[in-house]
2 protein chains.
Amino acid sequence: MATGRTHRPATRSRGIPEATVARLPLYLRALTALSERSVPTVSSEELAAAAGVNSAKLRKDFSYLGSYGTRGVGYDVEYLVYQISRELGLTQDWPVAIVGIGNLGAALANYGGFASRGFRVAALIDADPAMTGTPVAGIAVQHTDDLDRIISDNGVSIGVITTPPGAAQQVCDRLVAAGVTSILNFAPTVLSVPDGVDVRKVDLSIELQILAFHEQRKAGEEAAAEGVAVVDADAGAGQAPPVRATPTGRKGPDGDMPAVMPA
Amino acid sequence: MATGRTHRPATRSRGIPEATVARLPLYLRALTALSERSVPTVSSEELAAAAGVNSAKLRKDFSYLGSYGTRGVGYDVEYLVYQISRELGLTQDWPVAIVGIGNLGAALANYGGFASRGFRVAALIDADPAMTGTPVAGIAVQHTDDLDRIISDNGVSIGVITTPPGAAQQVCDRLVAAGVTSILNFAPTVLSVPDGVDVRKVDLSIELQILAFHEQRKAGEEAAAEGVAVVDADAGAGQAPPVRATPTGRKGPDGDMPAVMPA
DNA sequence: ATGTCTTTGTGAACGCGTGCACAAAGATAG
DNA sequence: CTATCTTTGTGCACGCGTTCACAAAGACAT
């Protein structure tokens, strides 16, 4: 998901596969629920079902962390919660700064799941001077001018970008310059960062478009199954015919191409 | 990312790899930017740089759609925008329903990038009777009781779940029963759905935990590089020592395990 | 028309992730 | 102590995705 991911192919000391790391939070969530119900142990089969994964995959994932299970019994819930929490670095507190306090930024600041597992909203930053000092989720918004100092003073190493796309790269650069080495990007932009900085992106628009692709394919298959004439995918949407620009003597800038994108 | 993904191994008619589909929106965004600047053609190298991917990968991705490039020149921007839009199903309008109008749901309803590319917020649904009728982003919130009718009347096939985790599965079931076949889940829960329904999830908490993992690893490597004694990962965070529950005669429910999770 | 130069499209090799299937380990009963 | 039963941990094979490297294709100059 991360765009500017640094893969660190050789330096990887404790070789935990990326795919496994991405599933650990899932296991942790399921285990926490079991813990709250005071369930002492759980088998790989049960836990896998709760996390929505294959049990063999779960066992292999845990094998990367060490042998924490007991054959014939299963895994000790509390112990596993502790081990995964430690592996994910959740035994320490992570101060997080949110930059861009619009609709989404404010929603994230108010999001409960934030404060819970080891993460603490340490600062809210916005470029709008009118926002400065306004409390959001009980925290006063600070101005972008002080970004460097805010990051340094609070020891922030994880930044969340919820700015408009145009400002994202600039904010990213400033965060990195101030010492942030992990960025969660909600802005629909490709961020470029130096080596050693991790970027993960959350993109509503992309997710919807992926769903739309499958949705369209499902509709097409359904139509085909019902005997409706589906000549080719080119005729799929019944849209204006695509006028291919001739390779040589390409059409001028008159732009009579079909205007596909609504905005 | 989807948990209940139906992989449809054989039925896949036009074999476009899932990884490629996930990148098409990225290409489309870069191409749209070029289009707005009236750039007529672009090479795979340039476009790949703009999208943050390898150029060979981009060419292979496009090869699944067909041969839309011209050797020695590159790709026609407008034509490619059209082809990708059609492939993703963005040449038609997708009415979307958002269920759970809290902080996040309201933020998404107000999100501009929603309405742009072919997606239209057709309905906002919430279980709180006090919310019913209240306009959010210019749309009146409707009550959960009418969910079935709302979905049917508006021909909604894509649902967005932004409810608290406890309500997510129930809402999901009702959406599916009403005819929704694609779900974007923001609730931190594993959704189980029947075959033929696609689920994609967006999980802030998981993303942060993945970042924390890498952040911790970076800090550990840095410390090791500076000559600080790092005995073992077990001593990494300097936390309370993990007391392994003895397999047999496991400790009683007195719960003197380290309380790792803050909440 | 011919040659050069650019860029695409793809064959092939490689590596990662997944899932099966089973041996080893330990619990539990007799 | 022995036998049986449950469940883990993992060797192995397979398939997908990525990347390299290059031949083919076309633009463009002469």
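Just so we're clear, the structure is a prediction, and the values are computed from it rather than from any experiment. To find a chain, count down the sequence lines: A is the first, B the second, and so on, and within it residues start at 1.
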Taking distance alone, no hydrogens or angles, what donor-acceptor pairs closer than 3.5 Å link side-chain atoms of residues 50-58 of chain B to residues at least two apart or in another chain?
from, atom 1, to, atom 2, distance (Å)
B:N54, OD1, B:A56, N, 2.7
B:S55, OG, B:E45, OE1, 3.4

Notebook entry, point to check: At under 4.0 Å between heavy atoms, what does B:F62 touch on the DNA or RNA strands: base, sugar-phosphate, or nothing?
Noted result: nothing
Notebook entry, point to check: Between C:dG19, D:dT19, D:dT7, which nucleotide gets closest to the side-chain atoms of A:S43?
Noted result: D:dT7
Check: Between atom CG in A:D76 and atom P in D:dT7, what is the gap in whole Å?
Finding: 16 Å
Checklist line | Out of C:dA27, D:dT10, C:dA25, whichever nucleotide has its closest atom nearest the side chain of A:R71 | finding: C:dA25
Next item on the list: Can you tell me the distance, in whole Å, between the NZ atom of A:K57 and the P atom of C:dC16?
Entry: 17 Å
Notebook entry, point to check: Under 3.5 Å, is there a donor-acceptor pair between the A:Q209 and A:S205 side chains?
Noted result: yes
Notebook entry, point to check: In whole Å, what is the span from the CZ atom of A:R23 to the C1' atom of C:dG17?
Noted result: 8 Å
Check: Within the structure, does a side-chain N or O atom of A:N54 lie under 4.0 Å from either OP1 or OP2 of C:dG17?
Finding: no
Checklist line | Nearest-nucleotide pick for B:T70, side chain only, options being D:dA21, D:dA27, D:dG9 | finding: D:dA27
Checklist line | Spacing of A:Y64 atom OH relative to C:dC16 atom P, expressed in whole Å | finding: 10 Å
Next item on the list: Using atom CD of A:E45 as one end and atom C1' of D:dC5 as the other, report the distance to the nearest whole Å.
Entry: 16 Å
Next item on the list: Round to a whole Å and report the spacing from OH of A:Y68 to P of D:dT10.
Entry: 13 Å
Checklist line | Minimum-distance nucleotide to A:K60 side chain [options: C:dG26, C:dG19, D:dG26] | finding: C:dG19
Next item on the list: Starting from P on D:dT18, measure out to CG on B:L58 and report it in whole angstrom.
Entry: 12 Å
Note to self: Heavy-atom nearest nucleotide on DNA chain C for A:A56 versus B:A56: which residue maps closer to 5'?
What the structure shows: B:A56
Next item on the list: Nearest-nucleotide wise, let me know which of B:G72 and A:S63 is further upstream toward the 5' end of DNA chain D.
Entry: A:S63
Item checked: Sequence-distant partners of B:R23, salt bridge (charged side-chain N to carboxylate O under 4.0 Å, His left out), two or more places apart -> B:D61
Margin query: So, OP1 or OP2 of C:dG9: does either fall under 4.0 Å of a side-chain N or O from B:Y75?
Written below: yes
Next item on the list: Please determine, for the side chain of A:E18, which listed nucleotide (C:dT7, C:dG17, D:dG9) has the closest atom?
Entry: C:dG17
Margin query: Can you identify which nucleotide, out of D:dT8, C:dG19, D:dA21, has its nearest atom closest to the B:R59 side chain?
Written below: D:dA21
Note to self: Less than 4.0 angstrom between a side-chain N/O of A:S44 and OP1 or OP2 of D:dT8, yes or no?
What the structure shows: yes
Next item on the list: May I ask you to decide if A:L204's main-chain N or O and A:E207's side chain share a donor-acceptor pair within less than 3.5 Å?
Entry: no
Notebook entry, point to check: Are A:R217 and B:D198 within salt-bridge range, i.e. N to O under 4.0 Å?
Noted result: no
